[in-house]
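All values below come from the heavy atoms of this structure, side chains included, with hydrogens, waters and symmetry mates left out. Keep in mind it's a predicted model, so treat the numbers as computed, not measured.
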Amino acid sequence: MAVIVLSGPIGAGKSSLTSILSKYLATDPFYESVDDNPVLPLFYENPKKYAFLLQVYFLNTRFKSIKKALSADNNVLDRSIYEDALFFQMNADIGRATKEEVTTYYELLDGMMAELKAMPKRQPDLLIHIHVSYETMIKRIQKRGRKYEQLSYDPTLEDYYKRLLTYYKPWYDQYNYSPKMVIDGDKYDFMNSADDCDKVLKMIVAKLKEVGKLPQDWTKL
Ligand SMILES: Nc1ncnc2c1ncn2[C@@H]1O[C@H](COP(=O)(O)OP(=O)(O)OP(=O)(O)O)[C@@H](O)[C@H]1O
Ligand SMILES: Nc1nc(=O)c2ncn([C@H]3C[C@H](O)[C@@H](CO)O3)c2[nH]1
């Protein structure tokens, strides 16, 4: 049917919406590797040492996921390869990667993107970006409770998260692999309000109809 990729800051609600949407559309969810990711806790403990390794780890898993997703053409991905460079560039900008690591990373990424371009289906059908403010982001990070993401674990994370948010607007504006839309994650509590959830699903269905990925008369059975 379609390949839908989600994007958004840490704790924005991508995994949650991936789960809701994949059930609703009867498609397969792809979640990014977090709890089974051996490098993530190391990164939060020593970001400078592990930024490059973590990025290569994520890039590798995201490349495998998008290839599978594009081949099967019936998936929702909670974060995708298209967002990978946003994270790495930000970490590089704050001195967590050497010049050689930056060069190697972009060569690797370029090679992977070229391989995707050669696939029969080369890109997703829709990007759904979840926008959240810093306050919402922190609330959700606290609610989810991963130890190494808490400000109490490392107070410098406040700057890291605030900086991360500033990278999203230019990233979203220049993203042009597919049609795109924004969901206001501050406004819609699609986890606890059935009404909000319904509104968000309606917006996504309308967009899928607009871009020709659902028939105009499609309704949920
Ligand atoms: N729209 C929402 N309204 C209220 N709570 C939400 C909403 N979206 C997510 N949450 C809650 O916020 C927390 C983080 O959500 P989730 O894990 O889906 O975020 P994520 O974007 O996938 O995060 P990450 O980038 O770290 O993987 C969870 O506890 C979830 O229940
Ligand atoms: N450095 C870095 N690069 C990435 O590409 C990346 N993608 C996700 N993450 C971190 C954010 C959450 O803690 C957690 C779950 O999203 O993993 C990343 N960190």
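When the side-chain hydrogen bond (donor to acceptor under 3.5 Å, both in side chains) test is applied to Glu83, the partners found at least two apart in sequence or on another chain are Arg79, Tyr168.
Judged as a ring pair (Phe, Tyr, Trp, His ring centres under 6.0 Å), the pairs with a partner in residues 136-159 (not counting sequence neighbours) are, in order, Tyr44-Tyr148. Here ring pair (Phe, Tyr, Trp, His ring centres under 6.0 Å) pairs that include residues 85-126, with residues two or more places apart or in two chains, are Phe88-Tyr105.
Just one residue in the list Ser15, Ser22, Ser19 forms a side chain to side chain donor-acceptor pair (under 3.5 Å) with Asp78, and that residue is Ser15.
Residues Leu108 and Phe63 have side chains not in contact (no heavy-atom distance under 4.5 Å, counting atoms from C-beta outward). Using a 4.5 Å heavy-atom threshold, the side chains of Ser33 and Tyr57 count as touching. Considering only heavy atoms from C-beta on, Thr18 stays 4.5 Å or farther from Ile4 through its side chain. Looking only at side-chain heavy atoms (C-beta outward), Phe58 and Val39 stay at 4.5 Å or farther from each other. A heavy-atom distance below 4.5 Å is not found between the side chains of Lys187 and Asp196. Side-chain contact between Met113 and Tyr177: present, with at least one pair of heavy atoms (C-beta onward) separated by less than 4.5 Å. The shortest side-chain heavy-atom distance between Val5 and Ile66 falls under the 4.5 Å cut-off. Looking at heavy atoms from C-beta onward, Arg122 lies out of side-chain contact with Leu70 at the 4.5 angstrom threshold.
The distance from atom CG of Leu127 to atom NZ of Lys207, rounded to the nearest 0.5 Å, is 10.0 Å.
At a threshold of 4.0 Å, the pair Glu149-Arg144 counts as salt-bridged, since one of the basic side-chain nitrogens sits closer than that to a carboxylate oxygen. A salt bridge is absent between Glu135 and Lys139; no separation between the charged side-chain nitrogens and carboxylate oxygens falls under 4.0 Å.
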Item to check | Candidate pair Tyr167 and Asp93, rule side chain to side chain donor-acceptor pair (under 3.5 Å), full reasoning | outcome: CA-CA 11 Å; Tyr167 280 64; Asp93 289 348; 2.6 Å; yes

Checklist entry - Would Met137 and Leu164 satisfy side chain to side chain contact (heavy atoms under 4.5 Å, CB included), going step by step from the backbone distance to the final call? => result CA-CA 11 Å; Met137 179 186 183; Leu164 183 68; 4.2 Å; yes

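With hydrogens and angles left out, the side-chain atoms of Thr156 and Asp154 include a donor and acceptor closer than 3.5 Å. Remark: the Ser178 side chain and the Tyr175 side chain contain an N/O donor-acceptor pair separated by less than 3.5 Å.
The number of heavy-atom neighbours closer than 6.0 Å to NZ of Lys147, taken from other residues, nucleotides and ligands shown, is 12 or below.
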